[in-house]
Amino acid sequence: MANEDELMAARRTKAEALANAGTRAFPNDFRPSEADRAAREALVALAGAEGPEGEAKRAALPEESELSGDEAQHALYGRVMAKRGPFLVIRTPHGNAQALVRKDQLPEDQAAMLKAVDLADHVAVRGPLIKTRTGALAVSARSYQHVGKALLPPPAKWHGLKDVEKRYRERYVDLWANPGVAAVFRARALVVKTLRRFLDARDYLEVETPLLHSVRGGAAAKPFTTHHNALDLSLVLRIAPELYLKRLVVGGFDRVYEIGRNFRNEGISTKHNPEFTMLELYQAYATFEELMDLSEAMLREVDAAVRAAHPELVGERSFTLAEPFARVTMRDAIVAAAALAENGRLLEGTTIDRATLDDEAALAELAATLAPKLPPADRKGLTGAPSHGHRLLTLYEVLAEENLAALYRNADGTKSVPVFITDYPASVSPLSRRKDDDPEWVDRFELFIEGREVANAFSELNDPDDQAERFRAQLDDRAKGDDEAMDFDADYVRALSHGMPPAAGLGLGVDRLVMFLCDQPSIRDVLLFPLLRPEA
RNA sequence: GGGUCAUUAGCUCAAUCGGUAGAGCAGUGGAUUCUUAAUCCAUUGGCUGAAGGUUCGAGUCCUUCAUGACCCA
């Protein structure tokens with residue numbers, strides 16, 4: 001008997017056996033008290049405690065033969081992971097612990113039910129804590145209760161569930177069958193909780209804004225479209241909450257934030273999922289420079305929380321958050337990257353200096369020289385750029401982005417540091433405030449860790465006339481073929497016309513942050529249910 | 001969108017040059033009942049992802065498709 005139907009049939013037979021013994025296969029009569037919950041966590045911790053102290057504490061437990069009979073009774077309940085001799089290994093949310101289930105210590109009817117227990121079933125035992133002959137902790141069962149049946153067989157107990165597709169599709173198995181998976185998602189929850197705590201402590205108000213938008217804006221991205229029947233209205237799932245959050249700043253909330261899902265109708269990769277989680281925050285009377293300080297402090301606090309709670313997830317990092325983050329303008333980053341040997345072949349002796357980058361004709365000439373050596377997308381970005389600023393941004397992405405980790409290092413050069421890239425062209429930043437001394441540039445930064453973008457922030461544009469002009473430029477970009485350009489949001493311009501205080505805002509990719517902090521190579525490993533093609 | 005690789009029992013994996021599809025775990029029956037991937041004896045289980053093709057013969061070679069992973073775009 002080995003195919004899946006037969007394995008299930010064997011389990012159904014045991015379910016019937018339980019029914020014949022007066023116990024339902026799927027009962028709901030096991031009621032652990034709050035004290036039981038706490039005691040279970042404590043005993044699981046004791047069972048798994050490492051080092052001399054753990055051993056000493058377990059050594060203090062009585063052996064089965066030393067029991068007097070009036071010891072405290074402990075509940076151990078969870079999923080059966082293994083049967084070893086007279087022991088059941090039981091998995092709980094806190095870890096594993098074992099139950100000693102000896103028929104001669106159990107009421108006859110309960111002892112009989114042991115024949116019907118399968119791996120992955122939910123069970124509960126109650127009894128005194130003992131130490132086994134090998135010094136391990138066990139709950140010596142004085143009562144045994146069937147709590148829930150698993151009809152499907154579990155993955156191999158030693159190898160777990162390895163098939164990556166099955167892991168993502170059947171995360172409900174992955175989470176308990178593979179050690180370490182659940183910890184990533186606990187760490188993720190801690191990251192979000194710590195972000196909230198950090199912002200709440202600074203008097204930011206958490207808000208919820210619409211996910212259904214009738215106008216697309218707030219980011220350069222392709223949206224998902226949908227339709228509202230009653231209003232006969234075309235809608236898009238939001239690509240960013242930005243424009244609603246800034247309306248709230250107009251409304252008088254000086255500090256707001258939202259942590260929520262954005263939807264972008266784009267490709268799937270190890271770094272992209274069509275729905276992902278962003279933190280966006282806005283602060284009146286602040287500039288992008290203060291948000292750099294805030295970002296550093298916030299990331300350090302989150303990192304500290306993850307390190308403290310989940311040291312096992314923090315691997316040997318090639319970056320550090322502990323030392324000061326680098327701050328460099330986009331143009332300086334391009335010049336620095338161009339000087340690196342890695343770009344020598346691409347540039348073939350051509351030097352790039354600030355003057356070249358600032359001169360529209362010189363940059364266009366440089367772009368034309370470089371373009372043939374680049375892949376098609378970058379080539380198009382350089383030669384078909386709708387503006388000097390677009391061209392400069394593409395040049396930055398081509399030359400500098402992947403070299404950031406090599407260029408910006410900590411004090412002793414052993415690790416990369418996060419980099420704030422500042423001063424973006426106005427033409428690629430339709431919602432940012434122009435620099436006071438140079439209106440072609442905006443007060444903006446993007447934060448990169450290991451060359452990958454994790455945050456984007458700027459001093460907010462609060463001049464409604466300028467904003468209207470920028471929206472019109474977006475429409476021009478779209479006419480030139482940019483299908484990620486924003487709509488003209490007339491209501492947002494009206495909101496600004498009512499007067500928005502000077503402000504700065506930040507967007508932070510939560511999934512990517514978790515990837516970095518928990519050493520996870522793919523975004524799918526930090527999303528409980530990443531998007532997959534449906535099974536046939 | 002392109003390239004590479006993968007898909008064999010419920011799970012984890014084998015299968016030499018194209019020559020009878022195997023193992024461990026789990027399952028079933030039994031023994032044992034202080035085990036640490038429990039042990040011992042016996043035993044069931046396969047449309048080799050799908051569909052075509054080449055061949056005396058295909059898990060293996062070819063084509064197409066499906067799904068996934070990685071890389072590129």
Side-chain angles (χ1 to χ4, degrees), chain A residues 1-15 17 47-48 50 55 58 61-67 79-91 95-106 111 114-121 127-141 150-171 173-174 176-179 222 266-273 374-382 394 397-398 402 520-525 530-536:
Chain A
M1 179 187 310
N3 72 42
E4 192 168 271
D5 289 342
E6 289 166 335
L7 292 170
M8 286 185 81
R11 285 165 178 259
R12 288 185 199 280
T13 301
K14 291 183 189 169
E50 291 174 6
E55 273 175 39
R58 284 191 292 270
L61 293 168
E63 289 186 19
E64 175 88 49
S65 60
E66 299 167 346
L67 292 174
R79 198 186 278 273
V80 176
M81 297 301 288
K83 297 192 263 187
R84 290 196 300 242
F87 292 90
L88 296 178
V89 178
I90 293 174
R91 174 150 297 175
N96 294 349
Q98 58 179 356
L100 174 60
V101 285
R102 287 171 42 150
K103 287 178 181 151
D104 59 6
Q105 297 294 339
L106 290 167
L114 286 172
K115 282 205 289 278
V117 65
D118 282 309
L119 295 185
D121 283 0
L129 290 188
I130 60 162
K131 74 174 167 211
T132 67
R133 284 177 198 163
T134 55
L137 176 148
V139 173
S140 183
L151 294 179
L152 279 167
K157 64 187 170 196
W158 183 243
H159 299 283
L161 184 60
K162 281 229 170 51
D163 184 295
V164 284
E165 182 179 354
K166 225 172 163 58
R167 285 187 49 224
Y168 296 147
R169 288 195 193 281
E170 302 186 24
R171 187 70 91 183
V173 177
D174 188 35
W176 60 263
N178 289 331
K222 293 174 200 157
E266 293 164 0
I268 295 177
S269 77
T270 48
K271 291 158 199 81
H272 299 85
N273 194 64
L374 294 171
D378 291 332
R379 200 180 304 158
K380 181 163 172 269
L382 282 181
T394 303
E397 288 168 356
V398 168
E402 65 186 29
Q520 298 297 309
S522 170
I523 195 171
R524 295 182 199 98
D525 295 319
L531 183 65
L532 297 176
R533 215 178 282 272
E535 291 176 88

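What's counted below: heavy atoms across the whole structure, side chains too, no hydrogens, waters or symmetry copies. Numbered from 1 within each chain, the chains take letters A, B, ... in sequence-line order.
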Margin query: Consider side chain to side chain contact (heavy atoms under 4.5 Å, CB included). Of A:Glu165, A:Lys166, A:Arg171, which one does A:Arg169 pass it with?
Written below: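 Answer after filtering A:Glu165, A:Lys166, A:Arg171: A:Glu165.
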When you compare [N] with [M], how far apart are their [atom1] atoms, in angstrom units rounded to a whole number?
{"N": "B:G68", "M": "B:G59", "atom1": "P", "value": "26 Å"}
{"N": "B:U16", "M": "B:A6", "atom1": "P", "value": "14 Å"}
{"N": "B:A26", "M": "B:G2", "atom1": "P", "value": "45 Å"}
{"N": "B:A14", "M": "B:A9", "atom1": "C1'", "value": "13 Å"}
{"N": "B:G22", "M": "B:U35", "atom1": "P", "value": "36 Å"}

Checklist line | Side-chain donor/acceptor of A:Glu6 to base of B:U28, under 3.5 Å | finding: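 By the distance-only test, no, there is no pair.
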If you compare every side-chain N and O of [X] against the phosphate oxygens of [N] (OP1, OP2), does one of them come in below 4.0 Å?
{"X": "A:Arg379", "N": "B:A73", "value": "no"}
{"X": "A:Arg524", "N": "B:C70", "value": "yes"}
{"X": "A:Arg102", "N": "B:U33", "value": "no"}

Check: How is A:Gly160 classified with respect to the nucleic acid when contacts are heavy atoms under 4.0 Å: base, sugar-phosphate, or nothing?
Finding: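 If one applies the 4.0 Å heavy-atom cut-off, A:Gly160 turns out to touch the sugar-phosphate alone, with no base involved.
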Note to self: Is the positively charged end of A:Arg91 above the ring of A:Trp176, judged by distance under 6.0 angstrom from the centroid and angle within 45° of the axis?
What the structure shows: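 No, cation not above the ring by the 6.0 Å, 45° rule.
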Check: For residues A:Asp525 and A:Tyr168, is any side-chain donor paired with an opposing acceptor at under 3.5 Å?
Finding: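 The answer is yes; a qualifying pair exists.
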Checklist line | Any strand: nucleotide that pairs with B:U32 via Watson-Crick or wobble, under 3.5 Å | finding: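 Across all strands, not a single nucleotide pairs with B:U32.
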Next item on the list: Write down the partner of B:G57 under the Watson-Crick or G-U wobble criteria, each distance required to be under 3.5 Å.
Entry: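 Answer to the pairing question: none, since B:G57 forms no Watson-Crick or G-U pair.
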Margin query: Of the listed nucleotides (B:A73, B:A69, B:A26), which one gets closest to any side-chain atom of A:Pro375?
Written below: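 Closest of the options to the side chain of A:Pro375: B:A73.
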Margin query: I'd like to know if the side chain of A:Asn178 and the backbone of A:Leu161 have a donor-acceptor N/O pair within less than 3.5 Å.
Written below: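 It does hold such a pair.
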